[in-house]
Amino acid sequence: QVQLVESGGGLVQAGGSLRLSCAASGRAASAYAMGWFRQAPGKEREFVATINWSGDTTFYADSVKGRFTVSRDSAKNTVYLQMNSLKPEDTAVYHCAASRRGLTARAPTAYDYWGQGTQVTVSS
């Protein structure tokens with residue numbers, strides 16, 4: 001069992017930055033691939049970014065490529081999502097997720113554990 005707790009969300013103006021954190025606890029959490037997803041009101045959950053268990057492979061949604069960076073600190077069992085040049089359309093609840101397979105994945109069904117989410121609001 002893995003528990004995930006996100007933090008770092010908030011209100012920011014367009015063009016600003018935020019860094020989200022996802023602290024993982026539980027057995028072998030450092031061996032899991034991690035993903036970030038977001039869900040805006042009235043919309044489906046959307047893939048944002050993923051990183052494999054070793055941290056050397058990442059993938060991003062086209063909508064955030066070049067603006068967001070996913071990274072992990074295995075010693076701290078924490079994954080980060082650095083978000084720069086934020087836009088109003090980035091407003092959503094951001095969730096982190098963990099996959100036992102250890103490999104990057106874009107599909108929500110590839111993930112076994114989910115955090116409760118943290119709200120990100122970008123004002124224009």
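Side chains are part of it too, since the values below use all heavy atoms of this structure and drop only hydrogens, waters and symmetry mates.
The closest donor-acceptor contact from the side chain of Gln116 to the backbone of Glu6 lies at 3.5 Å or more, if one exists at all. No side-chain donor-acceptor contact under 3.5 Å links Thr121 to the backbone of Thr91. A donor-acceptor contact shorter than 3.5 Å is absent between the side chain of Ser99 and the backbone of Ala33.
Between Tyr60 and Ala49, the closest heavy-atom pair is CD2-CB, 3.6 Å. The two residues Gly9 and Val120 make their nearest non-hydrogen contact at CA-CG2, 4.2 Å. Residues Leu103 and Asn52 share a closest heavy-atom pair of CA-CB, 4.5 Å.
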N/O donor to acceptor pairs below 3.5 angstrom from side-chain atoms of residues 14-25, sequence neighbours left out:
residue : atom : partner : partner atom : Å
Ser17   : OG   : Asn84   : OD1          : 2.9
Ser25   : OG   : Gln3    : OE1          : 3.2

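No continuous path of ILVMFWY side-chain contacts below 4.5 Å connects Trp53 to Leu4, so the two sit in separate hydrophobic clusters. Cluster annotation: Leu81 is connected to Val12 through the hydrophobic network of ILVMFWY side chains, with a link wherever side-chain heavy atoms come within less than 4.5 Å. Grouping the Ile, Leu, Val, Met, Phe, Trp and Tyr side chains by contacts below 4.5 angstrom, directly or via other members, places Tyr80 apart from Phe68.
Applying the side-chain hydrogen bond (donor to acceptor under 3.5 Å, both in side chains) definition to pairs two or more places apart or across chains, those involving residues 67-77 are Arg67-Asp90.
Inter-residue side-chain proximity for Phe37 and Tyr111 is flagged as met; some heavy-atom pair is nearer than 4.5 Å. Side chains of Tyr32 and Arg100 form a contact here, defined as non-hydrogen atoms less than 4.5 Å apart. Side-chain contact check for Trp36 versus Met83: every heavy-atom pair is 4.5 Å or farther apart.
To the nearest 0.5 Å, the span separating CZ on Arg38 from CZ on Phe47 amounts to 11.0 Å. How far CD of Gln13 is from OG of Ser124: 9.5 Å, rounded to the nearest 0.5 Å. Note that the OH atom of Tyr113 and the SG atom of Cys96 stand 13.5 Å from one another [nearest 0.5 Å]. For the atom pair CE (Met34) and OG1 (Thr58), the distance works out to 14.5 Å, reported to the nearest 0.5 Å.
Val70 pairs in a side-chain contact (heavy atoms from CB on, under 4.5 Å) with only one of the listed residues (Thr50, Val79, Val48, Val64), which is Val79.
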Test side-chain contact (heavy atoms from CB on, under 4.5 Å) on Glu46 and Ser63; report intermediate values, then the result. CA-CA 10 Å; Glu46 175 188 22; Ser63 59; 3.7 Å; yes

